[in-house]
Amino acid sequence: MKKIFTAAAAALVIASCTSDLSSLNVNSKAPEQVPAGALIANSTVTLTDYLTSVNVNLNNFILWSQHWTQTTYTDESNFNYNNRDVNGNTFDAMYATVLRDLNDASKFIEADDKMLEEHKRNQLALIEVMEVYTYHVLVDIFGDVPYSEAIGDDVTPKYDNDAEIYSSLVTRLLAAHGNLGGDNGLGNYDLLYGGDANAWKKFAASLALKLAVRAADVNPSASSVAEAAAAAGVFTSSADGAILGYTSSPPNTNPLWDDLVQSGRADFCAANTFADILNGLSDPRRGTFFRNLDANGDVIGAPYGLASSYALNSQPGDALEDPSKAASLMDYAEVEFLLADAAARGWNVGSSSAADHYAAAVTASIEDWGGSASDAATYLAQTDVAWDATMWKQRIGVQKWIAMYTRGNEAWATQRLYDYPAMNVAVEALIVTPYRMSYGIDEYSLNGTNVAAARGGNDDQMSKVFWDAN
Amino acid sequence: MKRRANLFALVASAFLSISAFAQNVTGVVSDASSGEPLPSVSVKVKGSDNAAITNFDGKYTIKAGNGAVLVFSSMGYASQEASVSGNTLNVSLASSTNKLDEVVVTALGISRDKKSVGYAIQEVGGAEVSKVKDANFMSSLSGKVAGVNIRQSGTMGGSANVVIRGYKSLTGNNQALFVVDGIPISNQINNTGNQQTGRGGYDYGNAAMDINPEDIDKVSVLKGAAATALYGARAANGVILITTKKGTKRNGLGVSVTSGYTVGSVNPDTYVRYQNSYGVGYGQYYGPDSIAGYPTNGYMVAYDVDGDGIDDPCTPTTEDASFGLAFDPNFMVYTWESLYPELSTYGQKSPHVAGANNPLYFFEQAATMNNSVAIDGGNDNGSFRLSATQFSTKGIVPGSSLKRNNFSFSGNLKASDRLTVSTTAQFIQQAGNGRFGTGYDSRNPNQSFRQWFNVGVDMAKQKAAYEATGKNITWNPFGYGYGDDATKPIYSDNPYFSALENRQSDTRNRLIGNMMASYKINDWLDFMGRASVDTYSELQEERTAVGSVEIPGYLRRNRNVTETNIDMILTANKTFGANDEYSLNARLGSNIRRNSVEAIAASTNGGLVVPGVYALSNSVNTPNAPSETAYQIGVNGMFAAASLGYKNFLYVDLTGRQDVSSTLPTVNNTFFYPSATMSLVFSELLDVDAISFGKFRMNYAQVGSDAPAQALADAYNMGTAFGSTSLASAPSTSNNPGLLPESTVSQEAGLEMMFLNNRVGFDVSVYNQTSFNQIMPAKVSSTSGTIFKYVNAGEINNQGVELSLNATPIQSADFTWSTNLNWTKNKNMVVSLFEGAENLQLASVQGGITIEARPGQAYGTIYGTTFIKDAEGRPIVWDMPASYGGVRYLRGGVDMGSKDVIGNINPDWYAGWSNSFRYKNWTASALLDMQMGGNFFSLDTWYGYATGLYDLSAGTNDMGNPVRDLVNDGGGYKITNVAYWDGSTVDGDGNPSGLTVGDYYADMHYYGNSLGYARNANEYHVWDASYLKLREVALNYSVPSSMLGSTGIKGLDVALTGRNLAILWKNNPYSDPEAGLSAGNVQGYQSGAYPAVREVGVNVKLKF
C-alpha cells in the first residue's frame, strides 16, 4: 500500500513538471520579421489613402476647403470632427501605421548586414523623406505635435513646437537628399518610383521647396532653403510627381472610389464656395470636377454647411469614380505654384518668372484633369485668372486651391497660407473654416499632461499654426 | 414473561389500529419546487412506530386512520406533518437548503458537508433552471443567486453576460468559469470586436449555453476566490459548477419524457413610440414650395411621373428621417410603391399618410419547442443515464431559427471493492440560421426602425413587395429623378429581404466528456485520476445578397477549440483524538491543462459573380488572404489542500496551488497562491431551540493568473498585396516580453443562520476583492507608435454584500408558501491603472462616447459630452442659428472642449425575489427580478430624436402650437428650468455668465434639432437602466397517481409557464433596459436594441 502511495505521489509530481511548456504559445501564423520594403510600401499606401480619403471618419478637408459640402448629414461640413474622432483617427493612421512602419523598416534595414551599401543608404534616406512628409502633414493640421519623443517606448511623448519641427524636418530632408541617388534596391516595394532613387532625390528637393514656401512668412531662412532646393532639381514635368497608381480591385483601390462608389452613398455635392468661383472663371475643369451641371455648364453648389438635395446639386464627377485613379502626394502643378510663389517673393529659384511658373502650374493642372493646352491658354487669358504681380497671393491662392481639388489637406493649407479665396461661414456652425484642428479626445485621456501643455495650452481650432502668420 | 410482554404489545397495537379505523393510506411525496417525486422519504405515523419509506417514484403506503398525523422527512428537506383524511395523501416537501447534514459540491467536484465550508456557495436545483426555459440556460439563473449579475442580450440564442461579484479584470475576461462534472468548459464568446462595440455583426452566443438545462441536476455557484482557488488562474471570476443528472439505483428502468412548447411575442413597451403626423424628409429642400397646387414647402420632390408635362409630388425616398411634410390623407403623392414596375402600385399615387403598420409589425411570433427523453437505471454495482434532447426555436425576426440536439451519457461502475470507474459524455449539435443582426448595421432592422426611418412606410406593404418579387424592394431607393438608379437602394434594405436573403448560418458540433477512476488505497486514502476534454468545431457563414445596399459577399469562419485537462488527486480522510474529535481531510493533486485554438476566416472581395452562390470562388475580385489564428497554450498546476475539523463545529482549511503557464515569459512563468478558510458552526455550541443552525465563516485567498495567448512577442500583419507588392504592417497592439503573473486577493466573511426548525433563514456575505498587476493591452497614445500595449499594471477593487433570505411562512398538508430573496450590492472601484494613465478605454463606440475604467470611479464609466451647467446644475442653452430661432444646449466636448463622465454601467444593487405556493397538487411560482441603478447610452434615441421618429417630436406644445412649428411661430419643444446664455458674456475664467434662468423652446422642425445627436449632449441620451421584471411565472399541476391508475405512467406533470411577461417598472420609455450588444466588457450601450419578448409556454413531464 505504501508503494502505491509513493507511486501515485511520484506520478503527480512527474506529470506536472516534465511536460514541456516552452513550445506552447508560439504564433505560427504571423512573422516576427518582415522585409523592410513591405513596411515601406504599406506606409506609402496608408499615407496616400489618408490624404486621398473623403471618408467622414478620417479626412474632412475636402469639406473644410469648401470644395464639397454634405447633402444630408452636415456635421463634418460644420466642423464637427470630435463626434467621429477624426482628429484621433488621423493620429492613429499617421503615427501608429505610417510612422511606425517606417520606423520598423529602418530598424530592419540598419540591422541587415548583407544589404548593398547603396541600397541601405538610399532606403534609409527615402524613409527620411516619407517621415518628413508625414510630419509636415501633421503639423499643418494641428500645429504642435509629438515629434522628438514620438514612436518609441515612451507612451506619453511630449508635444514639440511646430516651427521647430519644421526646422528639424528641413534639416533632415537636406541630409536625406544628399544620400539619395542611383538605385534604391526596393524594386516593386517602391510604389512611387519603382526603385529609382534619382526620382526620390527630386521629390526630396520638391518637398524642401514646399516646406520653405510654407514657412516663408515667418522664417527668414526659408529663401535659402527654397533656392537650394530649386537649384538641386525639383519636378519638371507631370511624370516626376510622387504619385501612387491604385489597383482596380479592393482593398487597394483609390479611396475616392471606396467612399463615392463602393459605399453606395449619395452624401457629397459641390459647395457654393467652389461652384461660385469655378463658374465665375468659366473654369474648363468644371465638367470633370463635377457632374449634373446646369444648362449653362455651371456647377450647382449647395450653400456650404446646409443640408440640401443630392439630386438638385452638382455631384463629384465621374472622373473621381475610377477605382484605379492615381493619387498624388505631390505633383508637378503644385511645384510650379511653389516656384511661382518663391519667384514672386523675389527668391532666386531659376530663370523663369513668377508669371511663367504660374502659367505652367495652371496649365499642368488643367492638362492633368483632361483639358488641353488651348483650354489653359484661354483660361489664363481671362483678366481674373491672368498673372497679376500686384495680387500674386490672390492669384496663386485661388488657382492652387482649385488645382488641389481632391487633395483636401493641401487645398485647405493653400487657403490658409494665402487667405484666398475667402471662405464662407458654414451655415450651422456659424464660423468660417477653422485654421487648425483641435487634438483628439484620446490624447486628452491618454497623454493628458503633454497635450495640455501643447501650444501653450491653446488648443483652439481658430488659432493658427506657426506658418499661418498673415 | 418476556414473551408475554411482546404478545401484549402486539395485541395492544392491533387494538389501537382497530380503534382508529386504520386503513391503507397511499400517496406520492414530491419536491415542492420541481414537482419531482422524492424517493427515500421517511413517512411515520406521529406517536407510533408505524413507518414507511417512499419508493423510487415517491410513492408510499402506510396504515393510518383518519385524523392520524403523518410526519414526512427527508435529508435536505424541511420535514412536514399532514393529517390523514381519506386514503390518499400527497405531500410535497420544501427543500431546506441549510441543514447540518447538507452536502455541497465544491471546487474540483469535491462533495463536502456544507457546514465545513468557509466560503459562500449557493446552489440552484436543476428543476429551477429548467422550469421556465430559455435558449441560454444562464439566463435562467437571473435573480436566483445573490452576487451573480446576469444580463441578456435580447437576441435569439444570444449571449448572456454572467459576472459574479463585479468586474475584476480591466480588459480581460470577466465571465464566470463554467465547470460541468469537473470539466471546465469553454464559455468563449466568439463574437467579433466589431459586434461587441456595436459596429455590426451577429451575437453567436456563449459557448457554455450548449449545456442542456434538462440534464442539469444542480448548479453550484462558487463566488469568491477562496471557493475557486483550486481551479487556479481562470477562476478569479467565480465558478458556476454544474452537476448533471446521474442514474440512480432502482428497480428496472426509469424513463422520463418532457415536452414543452413556448410562444413569444414582442413587448411593445420596449419599443419606439412613433409619431404619425409627419412624413419622410430631413428638411425643406427637395423641391419647390408648391407642387401641382399643393403647398409642399420644399418637402417633396417635383418630378413629372405620369409624363403629362406637369411636375408631380414625390416623397424624397432617399431620405431616412421623418421631418417631412405633415400627413394629409387628401393629398395624393408618389412614393416608393410607385417606383417599382414589379408592383401593382407602379406609377400610382397614394394618400400621404402614416404607415398603417409600423415596424413592430415586422416582428413575428417566436416559438420554441423542447423534447427530451431520459432513461436511467442502476443497481449496487453501478448506474447509468442516457438522455436525448431536441430544442428548436424560431425568433421574432423572420427566417430566424436555432436548433440544438444534446445527447448525453453518464455511467459509473464499481469494478471492485476498491476501484470505481465512471464516464460522462455529451455530444451537442447546434445550428443557427438567420441570427439577428446587431449594432449599427443594415442587417439589424432596428438600426433603421429605431434610428433612420420613414414613418410613412407600411411594413405590411414592404412584406408584400418582398414576397411578391423576392427582390430588395425597399422604401429607401434613390427614387424619382435618379434615372437608372431610381430603384437602387440607398441606405436601408427592405427589412424582409435583408432578414431572408442576407442570411447567416452557423453550426457547432461539440463533445464534452471525461473518464474517471478512483481507487480506494485503504480506508483513509483515495486516489482519483480524471481525463476530460471539451472540443468543438464551428462554422459561421455570413451572406450579403446581390441587390443589397452593402457589397454582396460571403464570409466564412471555421474554428476548432479544444481543452483537455488531466487531474490527479490523492485524498486522505482521517479522524484523530480520543473521541475522534479531530478530522483531517487532505488532498494533493495535479492538473495539466492544454488549450488549442485554430481558426480561419475568409471572405469574398468586391462582390459576387453569380447571385445566390455563396462560395469563396464566386468572388468578383481575388479574395483577400484569409485571416488565420493558431495557438496552443498550457498550464501545469500542483495543489495541496487540508481541512482540519474539530468536533463537527470548527473547520480550518488551507490550500495552495502552484501554476506554471506557457503564456508567461519563462523567467516569470511560475506562480503560487494560497488560501485559508474557517468555518464555525456556533449553533453546535449554543443550546437555543429557536436557532436550528448557525455558522460563521471567513476566509482569505489569493488567485494568480497568466496572460492571454500570444502576448509576449510582436508579430507583423501581412496585408493584401498591392498589385504584386506585398504589404506588411506593425501590429496595433505591442506585446510585452516581460509580463508577470497577475494576482487577485480576497477576504470574505459570512453568517448563515436558520431558525424555527429551518423555516426561516438567512445567509449573508461581505467581501473585499482586489485584483492587481493586471495584464492588459492598455490603450496608449498612438503617438508612441502603437495603439495598445501589453502592460502589467492596474488595480481594481470590488466590495460587496450578498444576502439571501429563505422562509417557509406557511407549511401545512395542503398548502405551502415558500419564499426566497436574493439581494446584492457590489461596489466597484478602479484603484489605479498603469503608470501615468488617467484612463483606460474599454471601448470607443459610435456616438462619440467611450466606455472606460477611470481611477477613483467604478469600472465601466460612460464618458461623453455633457451639458455645460450653471452653478445650480441647470443645463445652459444658447441660440440656434438665427434662421431657426429657438435654443440649443451648450455642450462640453463639441462647443466647449472637454467631455466628462455621464454614467456608469454598474447597478447600485440587484435582487431577485421568488415565491412558490403549493396547494395540494398545484404549485404556483413567480420570480421578480430587479436592478436598481446603472446606466446605458442609447444610440437609438441619439439618432432617432434627430430623425423625427419618436412621439415627442410631434403633437402640440403647452401653448397649443405644433411642436414642429418654428419657435418664432410659437412652436418648439419646451425645455424647462434651463439657463440661457447670450453666447458671449463670460466670467473671469471664461465660463458663461449673465445667465437667465427659465423655460425655453427648442427648435424641432428638422434633424438639427436640440434633442437629437446633431445638437445635443451625449448626457441627454444616457438612461437609467433600473427595472423590475416579472421574470418567471409557473403553474404546475401534478396529476395524482390515483388518476393515472394502471396506465403505466408513474408521474404526469403539466405546467404553464411565462417568462419576461412584464416589466413592472423602468425609467426609459423606448427599450428594455437590459438590452445590449452581447456579453463582454462593453456594456451600457444600446444600438439597434431588440424589443423584449414575452414568452408563454406549456410543459408536460411524464415518468414511466
Side-chain angles (χ1 to χ4, degrees), chain A residues 1 4-5 8 11-12 15-16 19 21-22 24-25 27-32 34 38-39 41-42 45 72 75 80 82-83 91-92 95-97 99-101 103-104 146 150-151 154-157 188-189 191 247 249-252 262 264 266 307-309 311 428 430 441 443 445-448, chain B residues 282-283 285-286 481-482 490 521-522 527 549 551 568 570 588 590 592 605-606 621 628-634 636 638 660 662-663 666 709-710 713 715-716 719-720 722-730 732 779-787 789 836 838-839 848 881 893-894 899 1008 1014:
Chain A
M1 189 207 73
I4 298 169
F5 177 83
L12 286 174
S16 59
S19 178
L21 287 168
S22 63
L24 302 175
N25 202 27
N27 190 339
S28 57
K29 296 295 182 183
E32 292 179 17
V34 288
L39 291 164
N42 191 64
V45 173
T72 311
D75 307 282
N80 180 352
N82 285 306
N83 193 39
F91 263 37
D92 291 355
Y95 283 103
T97 305
L99 292 168
R100 169 72 188 280
D101 286 351
N103 176 75
D104 288 14
I151 318 297
D154 189 345
V155 294
T156 53
N188 266 349
Y189 285 129
L191 291 168
T247 68
S249 68
N252 295 310
Q262 199 181 34
S308 62
S309 161
E428 289 183 12
L430 298 179
I441 190 73
E443 280 298 292
S445 75
L446 304 170
N447 193 14
Chain B
Y282 278 96
Y285 44 74
Y286 306 105
Y482 282 86
I490 177 166
I521 298 165
N522 60 26
F527 176 80
V549 169
I551 304 159
M568 283 181 268
L570 195 61
L588 181 65
S590 75
I592 300 170
N605 182 13
N621 298 114
E628 295 174 88
T629 312
Y631 63 81
Q632 272 191 297
I633 56 173
N636 293 343
M638 279 193 71
V660 186
S662 75
T663 66
T666 319
Q710 301 180 340
Y716 287 83
T720 299
F722 191 99
S724 58
T725 303
S726 319
L727 302 180
S729 187
S732 57
K779 188 157 188 187
V780 294
S781 168
S782 58
T783 63
S784 68
T786 189
I787 298 191
K789 188 170 191 166
E838 294 144 15
N839 165 37
V894 177
K899 296 187 175 186

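Just so you know, these numbers come straight off a predicted model, no measurement behind them. To find a chain, count down the sequence lines: A is the first, B the second, and so on, and within it residues start at 1.
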S.K.: Hey, which of A:A150, A:P250, A:G264 has the most heavy atom pairs under 4.5 Å with chain B?
M.R.: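 Winner by heavy-atom pair count: A:P250.
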S.K.: Give, as side chain, backbone, both or neither, the part of B:Y482 having an atom under 4.5 angstrom from any heavy atom of chain A.
M.R.: side chain
S.K.: State, yes or no, whether a side-chain contact exists between B:V780 and A:L446 at a heavy-atom distance under 4.5 Å.
M.R.: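 B:V780 vs A:L446: side chains apart.
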S.K.: Could I get the full list of salt bridge (charged side-chain N to carboxylate O under 4.0 Å, His left out) partners for A:D75, not counting sequence neighbours?
M.R.: none
S.K.: Return the option, out of B:G634, B:G723, B:S662, B:A715, with the maximum number of heavy-atom pairs under 4.5 Å with chain A.
M.R.: B:S662
S.K.: Is it the backbone or the side chain of B:I633 that comes under 4.5 Å from a heavy atom of chain A, or both, or neither?
M.R.: both
S.K.: Hey, which of A:L191, A:T72, A:D104, A:N447 has the most heavy atom pairs under 4.5 Å with chain B?
M.R.: A:T72
S.K.: Evaluate the side-chain proximity of A:R100 to B:T786: yes if any heavy-atom separation is below 4.5 Å, no if none is.
M.R.: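 A side-chain contact exists here, since the closest heavy-atom pair is under 4.5 Å.
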S.K.: Let me know if A:L99 has heavy atoms under 4.5 Å from chain B in its side chain, its backbone, both or neither.
M.R.: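 For A:L99, no heavy atom lies under 4.5 Å from chain B.
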S.K.: Would you mind checking which part of B:S726 comes under 4.5 Å of any heavy atom in chain A, side chain (CB onward), backbone (N, CA, C, O), both or neither?
M.R.: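 Both backbone and side chain of B:S726 come within 4.5 Å of chain A.
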S.K.: Does any backbone or side-chain atom of A:E32 lie under 4.5 Å from a heavy atom of chain B? Answer side chain, backbone, both or neither.
M.R.: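 Both parts, heavy atoms under 4.5 Å.
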S.K.: Is A:Y95 close to B:S781 at the side-chain level, that is, under 4.5 Å between some pair of heavy atoms?
M.R.: no
S.K.: For A:A96, check side chain to side chain contact (heavy atoms under 4.5 Å, CB included) against everything at least two apart and list the hits.
M.R.: B:S782, B:I787
S.K.: Most heavy-atom pairs under 4.5 angstrom with chain B, which of A:T247, A:D154, A:V155?
M.R.: A:V155
S.K.: Does any donor atom in the side chain of A:D101 or B:S729 lie under 3.5 Å from an acceptor atom in the other side chain?
M.R.: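 A donor-acceptor contact under 3.5 Å links the two side chains.
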S.K.: Between B:Q710 and A:N25, is any pair of side-chain heavy atoms under 4.5 Å apart?
M.R.: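 Counting from C-beta outward, B:Q710 and A:N25 do come under 4.5 Å.
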S.K.: Could you check which of A:S28, A:G448, A:S249 has the highest count of heavy-atom pairs closer than 4.5 Å to chain B?
M.R.: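 The option with the most such pairs is A:S249.
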S.K.: Roughly how far, to the nearest 0.5 Å, is the CD atom of B:Q632 from the CG atom of A:L21?
M.R.: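 One gets 11.0 Å once the value is rounded to the nearest 0.5 Å.
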S.K.: Kindly compute the distance separating CG (B:N839) from NZ (B:K779), expressed to the nearest 0.5 Å.
M.R.: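 That separation rounds to 9.5 Å.
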S.K.: Is A:V45 close to chain B through its backbone or its side chain, or both, or neither, when contacts mean heavy atoms under 4.5 Å?
M.R.: side chain
S.K.: Among B:Y286, B:Y282, B:Y631, which has the most heavy-atom pairs under 4.5 Å with chain A?
M.R.: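 Heavy-atom pair counts peak at B:Y282.
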S.K.: Do you know which of A:D92, A:N103, A:N252 has the most heavy-atom pairs with chain B at a distance under 4.5 angstrom?
M.R.: A:N252
